[in-house]
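Naming: A, B, ... by sequence-line order, numbering from 1 per chain.
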Protein chains: 2
Amino acid sequence: MHGARPTIGDVAHAAGVSKGTVSLAYSGKRPVAEETRRRIFAAAETLRWTASSSAQALATSRTSTIGLVIARRPEIIATDTFFPRFIAGCEAVLAEAGMGLMLNVVADEDAETAAYERFAAGRVDGVILLDVEQGDRRPNLVRELGLTAVMLSAEPPHENDPVGTPVVYTEDAAAVGELVELLIEAGHSRIAHVSGPLRYVHAVARRDAFAAAMTRHGLLPDRIVEGDFTAASGRDATAALLDGDDRPTAIVYANDVMAIAGLSYARSSGLRIPEDLSVTGFDDSELSAHLSPGLTSVSTGADVRGAVAARTLLAALGGDARRSVLVDGTVVVRRGSIAPPSRP
Amino acid sequence: MHGARPTIGDVAHAAGVSKGTVSLAYSGKRPVAEETRRRIFAAAETLRWTASSSAQALATSRTSTIGLVIARRPEIIATDTFFPRFIAGCEAVLAEAGMGLMLNVVADEDAETAAYERFAAGRVDGVILLDVEQGDRRPNLVRELGLTAVMLSAEPPHENDPVGTPVVYTEDAAAVGELVELLIEAGHSRIAHVSGPLRYVHAVARRDAFAAAMTRHGLLPDRIVEGDFTAASGRDATAALLDGDDRPTAIVYANDVMAIAGLSYARSSGLRIPEDLSVTGFDDSELSAHLSPGLTSVSTGADVRGAVAARTLLAALGGDARRSVLVDGTVVVRRGSIAPPSRP
DNA sequence: CTGAAAGCGCTTACAG
DNA sequence: CTGAAAGCGCTTACAG
């Protein structure tokens, strides 16, 4: 039954045409008589033929696949709901375009470099760069390797960003500002922030937005602690924040998991949520929506970002490279985790 | 700078040998004089040559990549921490073997079929089948397509399972039994179960194990409600369970997310955890470990399963197909979410 | 609108 | 131990 897959030659033979014509009938790169194309399609169907990707790749030097390397520790990948949603979003547009997605999760920088090198050895046409850092080395790395790339960001591109790599970005700053706004309106002034790892541009963007919003209202942004997106760090940061006697009445977390762990810790140490402590998350995970009370969070449209990133990369591969594209899906989702402070 | 990647011909020329010898020096399929191989490697290094995957794939009819299609709704993929950990585990062994991982997330059965067909068109050598269902159609589908496969399960293979597809399995039953045991020892008798979608073999395995353990202790397993692994279903199932007046004093959930949502709901309706309601999860997510109190759960070693599944598939591709392999990493992790019932 | 042929960059019998 | 050549299954100028 399996074994000997049919080749384009078999189809050509069965349809009584040349291999070139079969190819053309499928690619549509040049007209084929209607009657001929029907015969070809019929033959292909009965033989159950589909073109071999490797042969196509070799002939066209296009692999029809794009690559994604994820360079976070496994606990974090598992904990952060961003990746799977982002990937699902990518897939939706890739599948439609007949493209594949090659994934690589790596533990350190050497493995990361190796991954891009493998990608460049004819495995993928382009890559999406996630978790961009200040002065990130990857745009240059992948350019040298001859890979087309797009990168994700949480803010518009700077002038000194490497040119040539389109940036797909959200504007997280406005949403974080709105969160702080909401808290201040409710009567809070001692508001803390638990950030993500500050080597990431997106974590810095959110922290800076937090600080800016506080300052704008004459408040000192002096309660900031750096987390790493894990539940463990959320709990520890919360413990540290709640330890002093001038403790915050509200905490803005850089993701939902840290917020949930923090909220749970606060509760177990006797605080009521939201009466004694208001909290907000970021990323709007499914769990947050179904907690009681629900967690006020920021929906960043991870799947939409995946879709836009994929579309932008496909466009770049097609020669249509734009400088940057804004994904306009960042919106604050209000739920029950904010209340006026009990002891303002 | 980029453009014209060097070919094996360039290396051969630079090293003063034939292309065949370069190939052999790298594959080691036949001896090459030490001095010759040194020249070849040196030439390859200065030219920065690595073999083109597409050319290799065409010549050997091996793609050196394996495929994974995930057929769950995006919210569930995002919510369940199993997938990312499983994938990370796969990657660790694949990277070492120089293999790639091609991912596909699909929305319905047609898209799933299409995904396997694309895979079979020379994109991957083999696939790992997840979320196996009763009488699953995929083992036959992929066999017809000529793909080597392994499938994951939560119990040993049955006699009437399709032969030829190696099964990589855990024994979830024992762990679920132990959970029920723990609860009974603590004094519970009104114990409920919130299962996963019962079309999955693993969900049925866990539910049956729950029922068996209850029966073993002379208790009626009559409080079972089917969830779908989302937080929403965990909350709803919990609400239904807690609604009656003969409500359970303990709930065994089929995953952590449902447990966390359920626990949150119970708390908000006035119950103390664990005093008024004991709960257990499944899968041991990072969040569960850092909640307060921590959630008693079952660690199933998702990453280890990924690694074993990948290794088993590589072996099968190498012609070494075994019937089944047990992954022996399922262990109950006790945390603070179990206590004696307050009103036994 | 269609065919014959070269070429993509490897691997692998076949000779020596 | 090494070389020359065929072949993997496509695509794409080049002719007609």
Side-chain angles (χ1 to χ4, degrees), chain A residues 2-41 43-44 47-65 98 118 120-125 146, chain B residues 2-41 43-44 47-65 98 118 120-125 146:
Chain A
H2 59 263
R5 277 169 44 85
T7 72
I8 197 173
D10 299 329
V11 176
H13 181 79
V17 297
S18 72
K19 297 189 293 176
T21 303
V22 176
S23 178
L24 264 5
Y26 274 89
S27 69
K29 294 207 174 169
R30 256 175 18 208
V32 169
E34 189 47 36
E35 153 63 6
T36 312
R37 95 185 286 105
R38 245 197 294 277
R39 277 212 320 281
I40 292 173
F41 287 178
L47 291 174
R48 316 203 72 224
W49 173 79
T50 40
S52 149
S53 310
S54 344
Q56 281 185 317
L58 183 57
T60 62
S61 34
R62 283 294 197 137
T63 61
S64 293
T65 102
R118 272 201 307 275
R123 280 180 172 281
V124 311
D125 299 326
Chain B
H2 60 265
R5 278 170 44 85
T7 73
I8 197 172
D10 299 328
V11 176
H13 181 78
V17 298
S18 73
K19 296 190 293 178
T21 303
V22 175
S23 179
L24 264 6
Y26 274 89
S27 69
K29 294 206 175 170
R30 255 174 20 208
V32 169
E34 188 48 35
E35 153 62 7
T36 312
R37 97 188 282 105
R38 243 197 296 276
R39 277 210 321 279
I40 293 173
F41 287 178
L47 290 174
R48 315 202 73 223
W49 174 79
T50 39
S52 148
S53 310
S54 344
Q56 281 184 318
L58 183 56
T60 62
S61 35
R62 283 293 198 137
T63 62
S64 293
T65 101
R118 273 201 307 274
R123 279 178 173 283
V124 312
D125 299 326

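- Counting all heavy atoms, side chain and backbone alike, V17(B) lies closest to R39(B) at CG1-NH2, 3.6 Å.
- If you check every strand for non-hydrogen atoms under 4.0 Å, T7(B) touches sugar and phosphate atoms only.
- Here the closest heavy-atom approach between residue D10(A) and residue R5(A) is recorded as OD2-O, 4.4 Å.
- Of all heavy-atom pairs spanning P6(B) and L47(B), the tightest one is CG-O, 3.3 Å.
- Judged purely by atom type and a 3.5 angstrom limit, S54(A) has no side-chain atom pairing as donor or acceptor with the backbone of A57(B).
- The backbone N or O of D125(B) lies less than 3.5 Å from a partner atom in the side chain of T63(B), making a donor-acceptor pair.
- Taking a pair as Watson-Crick or G-U with both hydrogen-bonding distances under 3.5 Å, the stems of three or more pairs touching DNA chain D are C:1-3 with D:14-16, C:5-12 with D:5-12, C:14-16 with D:1-3.
- Across residues 18-32 of chain A, S18(A), T21(A), R30(A), P31(A), V32(A) each have a non-hydrogen atom less than 4.0 Å from an atom of DNA chain C (numbered order).
- Within the nucleic acid shown, T36(B) comes within 4.0 Å of sugar-phosphate atoms alone, with no base atom in reach, counting heavy atoms only.
- To the nearest 0.5 angstrom, T65(B) atom OG1 is 11.5 Å from R118(A) atom CZ.
- Using a 4.0 Å heavy-atom criterion, one finds that S61(A) contacts no nucleic acid atom at all.
- Taking the side chain as every heavy atom from C-beta outward, S23(A) and I8(A) approach each other to under 4.5 Å.
- Between the side chain of R62(B) and the main chain of V124(B), no donor-acceptor pair closer than 3.5 Å is present.
- Here W49(A) and F41(A) keep their ring centres 6.0 angstrom or further from each other.
- Of the possible donor and acceptor atoms, one in the side chain of T60(A) sits under 3.5 Å from a partner among the backbone N and O of Q56(A).
- Along DNA chain D, the stretch of nucleotides lying under 4.0 Å from any heavy atom of chain A spans, 5' to 3', dG9(D) to dC14(D).
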